[in-house]
Amino acid sequence: MKIVTWNINGIKARLDNLLTWLKETDADVICLQEIKSVDENFPRLEIETLGFHVETHGQKGFNGVAILSRTSPDEVLRGLPGDDEDDHARFMEAVFSTASGVVRVACIYLPNGNPIDTPKFPYKLAWMKRLHIWLEGRLALEEPIVIAGDYNVIPEPYDCYNADAWLGDALFQPETRNAYRMLENLGMTDAIRAVSDAPGLYTFWDYQAGAWQKNNGIRIDHLLLSPEAASKLVSADIDRQVRSWEKPSDHVPAAAVLAF
DNA sequence: ATGCCAAACAGGGTTTGA
């Protein structure tokens, strides 16, 4: 089973790219972020025609997540628990049955958190704490779990082209990196880092200042695997060539293959 | 250091993003 995360930066603007990519891919589950669409306007028919089941959790204008899958999920849940005041559409989870048991896939769009001297940064850290608490509860089920998404976290200095440029940024703050490490400390495995410790494994390049041409990227889209999922990890990779397409998202797909 | 780029909403300029 191949599970992919991809921040598409607008489903309406990216539909042609997504359909082209879906026609070529062997992915089984695709977690999308920043669909920037309400559920009613999501182009589900075009995607269903290609053989995918579609589940969305959108809102007007920004944020929004979706899970596309070859098979229908047994269960879908929307929204990250822990704050009834939080109306951002940033989290959904789906449970799939396979021949060798269930797998739970969470699709997350973790808050950016910039600038750090505004309420956006504490919102990010609080969201990460809520994710941590949610995960503790799910881990008790001892299921294979994959948390796939745009984490807006640069885990380590070699996950960016120039670490000095990210000092003071919410994506690279010590508190941010620590919260990510705390998820790993619960027993989660970063799928990309489980297969390679190479530098330059980026998933995002800014639209500005020729970042793509200079390979001035960062690795912020991740797949964290519970122990039961990590034991089934076969491979993981980043589909970076998509960034060179016409009218691309600023993020590219990252994937993990599990032996289900 | 940041809005140089991009998308949404709306129908111009603001908000958001990383």
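We name chains A, B, ... by the order of the sequence lines, and we start the count at 1 in each one.
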Nearest-angstrom distance from the residue atom [atom1] of [X] to [atom2] of [N]:
X	N	atom1	atom2	value
A/K12	B/dC9	NZ	P	7 Å
A/F42	B/dA8	CZ	C1'	16 Å
A/L167	B/dT2	CG	P	14 Å
A/L15	B/dA7	CG	P	13 Å
A/N216	B/dC5	CG	P	15 Å
A/N41	B/dA8	CG	P	11 Å

Identify which nucleotide among B/dT16, B/dG3, B/dA6 has an atom closest to any side-chain atom of A/R14, counting heavy atoms from C-beta outward.
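Closest of the options to the side chain of A/R14: B/dA6.
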Which listed nucleotide (B/dC4, B/dC9, B/dA7) is nearest to the side chain of A/A209?
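Looking only at side-chain atoms, A/A209 lies closest to B/dC4.
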Ignoring hydrogens, what is the shortest heavy-atom contact between A/R138 and A/R104? Give both atom names and the distance.
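Closest pair (atom of A/R138, atom of A/R104, distance): NE-NH1, 3.3 Å.
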If we take the [atom1] atom in both [N] and [M], what is their distance in whole Å?
N	M	atom1	result
B/dA1	B/dT15	P	24 Å
B/dG13	B/dG3	C1'	14 Å
B/dC4	B/dA10	P	23 Å
B/dA7	B/dT2	P	24 Å

Ignoring hydrogens and geometry beyond distance, is a side-chain donor-acceptor pair present between A/Y123 and A/D86 at under 3.5 Å?
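Yes, because at least one side-chain N or O of A/Y123 sits under 3.5 Å from a partner of the opposite role on A/D86.
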Looking only at side chains, do A/Q33 and A/T5 share a donor and an acceptor under 3.5 Å apart?
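Yes - a donor-acceptor pair under 3.5 Å links their side chains.
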Pair A/D16 + A/K247: basic N to acidic O under 4.0 Å
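Salt bridge between A/D16 and A/K247, a charged N being under 4.0 Å from a carboxylate O: no.
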Phosphate contact (B/dC9 OP1 or OP2) by A/K36 side-chain N/O below 4.0 Å
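For B/dC9, OP1/OP2 do not have a side-chain N/O of A/K36 under 4.0 Å.
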Classify A/N152 by what it touches in the nucleic acid, base, sugar-phosphate, or nothing, heavy-atom distance under 4.0 Å.
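Sugar-phosphate: the residue A/N152, judged by heavy atoms under 4.0 Å, touches backbone atoms but no base.
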Select from A/K60 and A/Y207 the residue whose nearest nucleotide in DNA chain B is closer to the 5' end of that strand.
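By nearest-heavy-atom nucleotide position, the 5'-most residue is A/Y207.
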Using heavy-atom distances to pick each residue's nearest nucleotide on DNA chain B, tell me which of A/Q208 and A/A13 is more 5'.
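With A/A13 and A/Q208 compared, the 5'-side residue is A/Q208.
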May I ask you to test the A/R219-A/C160 pair for a side-chain heavy-atom distance under 4.5 Å?
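Answer no - side chains too far apart.
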